[in-house]
Amino acid sequence: MTETLPVPLNVASPDCAEDFFAGSAARCVILWRAAGLAELREVLDHCLDLPARPSTLDLIGHSTRGHRLLRLGRTPIDMLDPQVSAFFRGLAQAGLLPRLQVTAVRLLGCETAVTDAGQRTLRMLSQTLGLPVFGTRKPLLKSHSNSAGFDPAFAHLLTEASATRQPFGRAGSRHGRHPQDR
């Protein structure tokens, strides 16, 4: 019996979708667009009408300059932002991603797993959704994609939330206590 590999459910920020995937080679043939969290929810709700199959939710966009957080439209995916956190908690409470058979979420923007802020968002998002969440360690180019979306040949550019570490000296650090408790 063969295992069905997850297919990407590609949702891109409109400000990068056309430029990033344009060109002579067919890239990301099935691509949804979302300029923010409300539009992301609309896309996900619409996908409930499609045949369910194991998939990764690939959120595609540019990253912010300083913290390297993925942006959908003008909204950075920052789990310290109460609106962003509430949105993803709502997805989890509604059980939407399991109904879509989403097995992982990937934040596909340049270096979304490099900064402390990016790594924190990956960990918090993974904890909120109860799914593996991945970010990128390098800048992404359109050559990292094929007609299905992110090319599995470049999986080595991804980092899973569980592989990131919290810095020392913070609550929940590897020492298991707050610095003031020492």
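In this chain, residues are counted from 1 in sequence order.
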Which pair of non-hydrogen atoms, one from Gly61 and one from Ser13, has the smallest distance, and what is that distance? CA-CB, 4.2 Å

Hydrophobic clustering (ILVMFWY, side-chain heavy atoms < 4.5 Å, transitive) - are Ile30 and Leu9 grouped together? yes

Quick one: which residue pairs count as a ring-ring contact (aromatic ring centres under 6.0 Å, His included) with a foot in residues 29-61, not counting sequence neighbours? Trp32-His46

Using the side-chain contact (heavy atoms from CB on, under 4.5 Å) rule, take Ile77 and Phe88 through it: C-alpha gap first, then chi angles, then the decisive distance, then the call. CA-CA 10 Å; Ile77 306 301; Phe88 286 104; 4.0 Å; yes

Does Ser55 offer a backbone N or O that forms a donor-acceptor pair with the side chain of Thr103 under 3.5 Å? yes

Please output the side-chain donor-acceptor pairs of residues 126-133 that fall under 3.5 Å, not counting sequence neighbours, one pair per line with the distance.
from: Ser126; atom 1: OG; to: Leu131; atom 2: O; distance (Å): 2.7
from: Thr128; atom 1: OG1; to: Met124; atom 2: O; distance (Å): 2.9

Please output the side-chain donor-acceptor pairs of residues 66-73 that fall under 3.5 Å, not counting sequence neighbours, one pair per line with the distance.
from: Arg68; atom 1: NE; to: Glu111; atom 2: OE1; distance (Å): 3.4
from: Arg68; atom 1: NH1; to: Thr64; atom 2: O; distance (Å): 3.4
from: Arg68; atom 1: NH2; to: Ser63; atom 2: OG; distance (Å): 3.3
from: Arg71; atom 1: NH1; to: Asp15; atom 2: OD2; distance (Å): 3.1
from: Arg71; atom 1: NH1; to: Gly73; atom 2: O; distance (Å): 2.8
from: Arg71; atom 1: NH2; to: Asp15; atom 2: OD2; distance (Å): 3.3

Take Leu157 and His144 through the test side-chain contact (heavy atoms from CB on, under 4.5 Å) and record every step on the way to the result. CA-CA 10 Å; Leu157 300 178; His144 292 120; 3.5 Å; yes

Using every non-hydrogen atom in the two residues, find where Ala94 and Arg99 come nearest and quote the distance to one decimal. O-NH1, 3.3 Å

Mind checking whether Val105 and Val43 sit in one hydrophobic cluster, side chains of I, L, V, M, F, W, Y counted as touching below 4.5 Å? yes

Under a 4.5 Å side-chain heavy-atom rule over Ile, Leu, Val, Met, Phe, Trp and Tyr, are Leu125 and Val11 clustered together? yes

Criterion side-chain contact (heavy atoms from CB on, under 4.5 Å) on Leu40 and Leu59, from CA distance to verdict: CA-CA 9 Å; Leu40 173 58; Leu59 301 179; 3.8 Å; yes

If the condition is side chain to side chain contact (heavy atoms under 4.5 Å, CB included), which residues does Ser162 pass it with, not counting sequence neighbours? Glu160

Shortest non-hydrogen contact from Leu37 to Gln83? CD1-O, 4.3 Å

Are the side chains of Thr75 and Asp81 in touch, meaning some heavy atoms are under 4.5 Å apart? no

Under the criterion side chain to side chain contact (heavy atoms under 4.5 Å, CB included), which of Ile60, Thr56, Asn10, Leu108 is the partner of Phe150? Leu108

Leu48 and Leu96: side-chain contact (heavy atoms from CB on, under 4.5 Å), yes or no, with the steps? CA-CA 8 Å; Leu48 286 171; Leu96 187 56; 3.4 Å; yes

Any sub-3.5 Å donor-acceptor pair from Thr115's side-chain atoms to Gly118's backbone N or O? yes

Smallest heavy-atom separation, Ala148 atom then Pro8 atom, equals O-CG, 3.2 Å

Report the distance from atom CZ of Arg120 to atom CG of Leu122, rounding to the nearest 0.5 Å. 10.5 Å

Can you measure from CG (Leu57) to CG (Leu44) and round to the nearest 0.5 angstrom? 6.0 Å

Minimum heavy-atom distance Met79-Thr121, with the two atoms named: N-OG1, 3.3 Å

Are the side chain of Thr136 and the backbone of Thr112 linked by a donor-acceptor contact shorter than 3.5 Å? yes

Shortest non-hydrogen separation from Phe154 to Ser143 and the atoms involved: CE1-O, 3.5 Å

Under the salt bridge (Lys or Arg N to Asp or Glu O under 4.0 Å) definition, can you give me all pairs with a residue in residues 33-43, not counting sequence neighbours? Glu18-Arg33, Arg41-Asp45

All side chain to side chain donor-acceptor pair (under 3.5 Å) counterparts of Ser85, not counting sequence neighbours: Arg89

